[in-house]
Structure formats: C-alpha cells, structure tokens
Amino acid sequence: MPSLYEFAGGEAAIHELEAAFYASVLRDPLLQPLFGTGKASHVDNLTAFTCESFGGPDRFSRTLGFAHLIAVHRGKQITEAQRQRFVDLYKAALDASTLPSDADFRAALLEHIEFGSRVAQQNSNARTDAELHPLREVPRWTWPRDGE
C-alpha cells in the first residue's frame, strides 16, 4: 500500500493543499490574530511537516526539528474555538483540493489534523515544560492497511 505521501501525489500536491489552507487562515478573523500577517516560509514549513508525517522526506526534522514546532506554539493560548476553526478550515481546503477523494485517505488526513491541532493547543497553553504534550518528533501517520 502506498504511503499517504505517495497517495496524495507527493510534495507538490501537499504544498497546494497547505497553501490554500494557510490563505484561508490568514483571512479568518478568529485565527488571523494567531498567525499575524503571515510568513512566506510558513507554507513551506507546513508542507515539509505534512510530507514527513505522511511518509515523505524528513526535511522538516533535518531543517527545523520538532523543538521549533513546540516553540512557535508556546504562549499562543489557542482556545477550543480557534482549534476547531483550524480543523474546519483544513477540512474545507481538503474538500476544495485536487487530492484523492478516497474515504480512508481523507479519514487519515482528518485524524492527523485533529491530533496535531490538539497537540498544538496543549503546547500553546503549557505554562511549564511538564505541561507540554509528550510528543517530541514528527509523528509518522499511516492509514488502514489490508484487513484493517
């Protein structure tokens, strides 16, 4: 079975999804304050993270590392409403994308964004290192294999 990365169509397809998603975040009044005016590198960083999570190259870990991800979320104090809007906008970007419409593939992507948004929310509200989510490396996301 191909990895999520391969099934999605590789880096170019994932980059297209992340770019559309990020543009919607910057237009959203609830989320825009968390992201400010945006950074040119953010789409590339999101792409690298998602590609690596889905079985693609480990560029995110090699160039930024997971500690970077923790640091950028710390102190943001993401609310549940903001977390849910983030997920909703990602779903909308996915629905509008050219990525495969396979139900198992889409379910895996949405589970990934739900999980990641909860990790980011926890880390954003952590007052101490002990309150951070225990995840310290890019998670490797898979999808149902034969018989699952």
Side-chain angles (χ1 to χ4, degrees), residues 1-36 38-74 76 78-126 132-148:
M1 179 171 230
S3 67
L4 289 166
Y5 173 79
E6 294 165 332
F7 196 80
E11 186 169 340
I14 292 170
H15 186 272
E16 182 181 315
L17 169 65
E18 299 296 7
F21 165 68
Y22 190 59
S24 72
V25 164
L26 294 179
R27 290 189 306 267
D28 187 84
L30 185 59
L31 294 180
Q32 186 278 327
L34 295 173
F35 290 85
K39 293 182 181 177
S41 62
H42 203 138
V43 172
D44 189 51
N45 294 345
L46 281 170
T47 300
F49 179 83
T50 303
C51 286
E52 185 171 338
S53 290
F54 291 172
D58 66 347
R59 183 167 56 95
F60 185 88
S61 291
R62 285 185 291 104
T63 60
L64 292 173
F66 202 80
H68 168 79
L69 197 58
I70 293 171
V72 298
H73 290 108
R74 253 185 126 170
K76 295 281 188 193
I78 299 169
T79 66
E80 178 55 25
Q82 289 170 318
R83 188 202 69 77
Q84 188 58 57
R85 178 72 58 83
F86 184 92
V87 170
D88 292 344
L89 290 177
Y90 203 91
K91 286 178 186 177
L94 180 59
D95 289 344
S97 78
T98 59
L99 269 64
S101 60
D102 179 85
D104 289 336
F105 173 76
R106 295 270 171 140
L109 265 67
L110 295 176
E111 287 171 9
H112 177 264
I113 201 68
E114 279 285 345
F115 175 76
S117 68
R118 291 186 190 286
V119 171
Q121 182 183 27
Q122 181 175 338
N123 290 344
S124 79
N125 286 288
L132 290 170
H133 191 280
L135 186 65
R136 293 294 184 274
E137 61 186 29
V138 175
R140 302 295 190 247
W141 219 257
T142 59
W143 58 324
R145 291 171 294 283
D146 293 334
E148 288 188 335

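Ring-plane geometry between His112 and Trp141 is classed as perpendicular, the angle between the planes exceeding 60 degrees on a 0 to 90 degree scale with a lower cut at 30. The aromatic rings of Phe35 and Tyr22 lie perpendicular to each other, with more than 60° between the two planes, well past the 30° mark. Ring-plane geometry between Phe66 and Phe49 is classed as tilted, the angle between the planes lying from 30 to 60 degrees on a 0 to 90 degree scale.
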Could you pull out every donor-acceptor pair under 3.5 Å between side chains of residues 54-63 and any protein atom, sequence neighbours left out?
{"from": "Asp58", "atom 1": "OD1", "to": "Arg62", "atom 2": "NE", "distance (Å)": "2.7"}
{"from": "Arg59", "atom 1": "NH1", "to": "Asp44", "atom 2": "OD1", "distance (Å)": "3.4"}
{"from": "Arg59", "atom 1": "NH1", "to": "Asp44", "atom 2": "OD2", "distance (Å)": "3.1"}
{"from": "Arg59", "atom 1": "NH2", "to": "Glu11", "atom 2": "OE2", "distance (Å)": "3.1"}
{"from": "Arg59", "atom 1": "NH2", "to": "Asp44", "atom 2": "OD1", "distance (Å)": "3.4"}
{"from": "Ser61", "atom 1": "OG", "to": "Glu52", "atom 2": "OE1", "distance (Å)": "3.3"}
{"from": "Ser61", "atom 1": "OG", "to": "Glu52", "atom 2": "OE2", "distance (Å)": "2.5"}
{"from": "Thr63", "atom 1": "OG1", "to": "Arg59", "atom 2": "O", "distance (Å)": "2.7"}

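Counting heavy atoms from C-beta on, the side chains of Thr50 and Leu17 never come closer than 4.5 Å. Under the 4.5 Å side-chain criterion, counting only non-hydrogen atoms from C-beta, Arg106 is in contact with Asp95. In this structure, Arg83 and Glu80 have side chains that are in contact, with non-hydrogen atoms separated by less than 4.5 Å. Residues Phe86 and Ile78 have side chains not in contact (no heavy-atom distance under 4.5 Å, counting atoms from C-beta outward). A heavy-atom distance below 4.5 Å is not found between the side chains of Phe21 and Ile113.
For Gln32 (side chain) and Gly36 (main-chain N/O), a donor-acceptor pair under 3.5 Å exists by modelled atom type. Using a distance-only test at 3.5 Å, with no hydrogens or angles considered, no donor-acceptor pair links the side chain of Trp143 to the main chain of Leu109.
Within 6.0 Å of CD in Gln84 there are more than 12 heavy atoms belonging to other residues, nucleotides or ligands.
Here Asn123 contributes atom CG and Leu135 contributes atom CG; the two are 8.5 Å apart, rounded to the nearest 0.5 Å. From Asp28, atom CG reaches atom CG of Leu89 across 5.0 Å, with rounding to the nearest 0.5 Å. Taking NE2 of His42 as the reference point, atom CD of Glu18 lies at 8.5 Å (rounded to 0.5 Å). Annotation: the span from Ser117 atom OG to Gln82 atom CD amounts to 12.0 Å, rounded to 0.5 Å.
Across all their heavy atoms, Ser53 and Val138 have their closest contact at OG-CG1, 3.3 Å. The two atoms that bring Thr142 and Ala108 nearest to each other are O-CB, 4.0 Å, heavy atoms only. Closest approach of Ala13 to Leu99, counting heavy atoms only: O-CD1, 3.5 Å.
In summary, the aromatic rings of Phe115 and His133 are positioned with their centroids under 6.0 Å apart.
The one candidate from Leu34, Leu30, Leu31, Leu46 that meets the side-chain contact (heavy atoms from CB on, under 4.5 Å) condition with Val25 is Leu31.
Side chains of Asn125 and Gln121: a donor-acceptor N/O pair is absent below 3.5 angstrom, by distance only.
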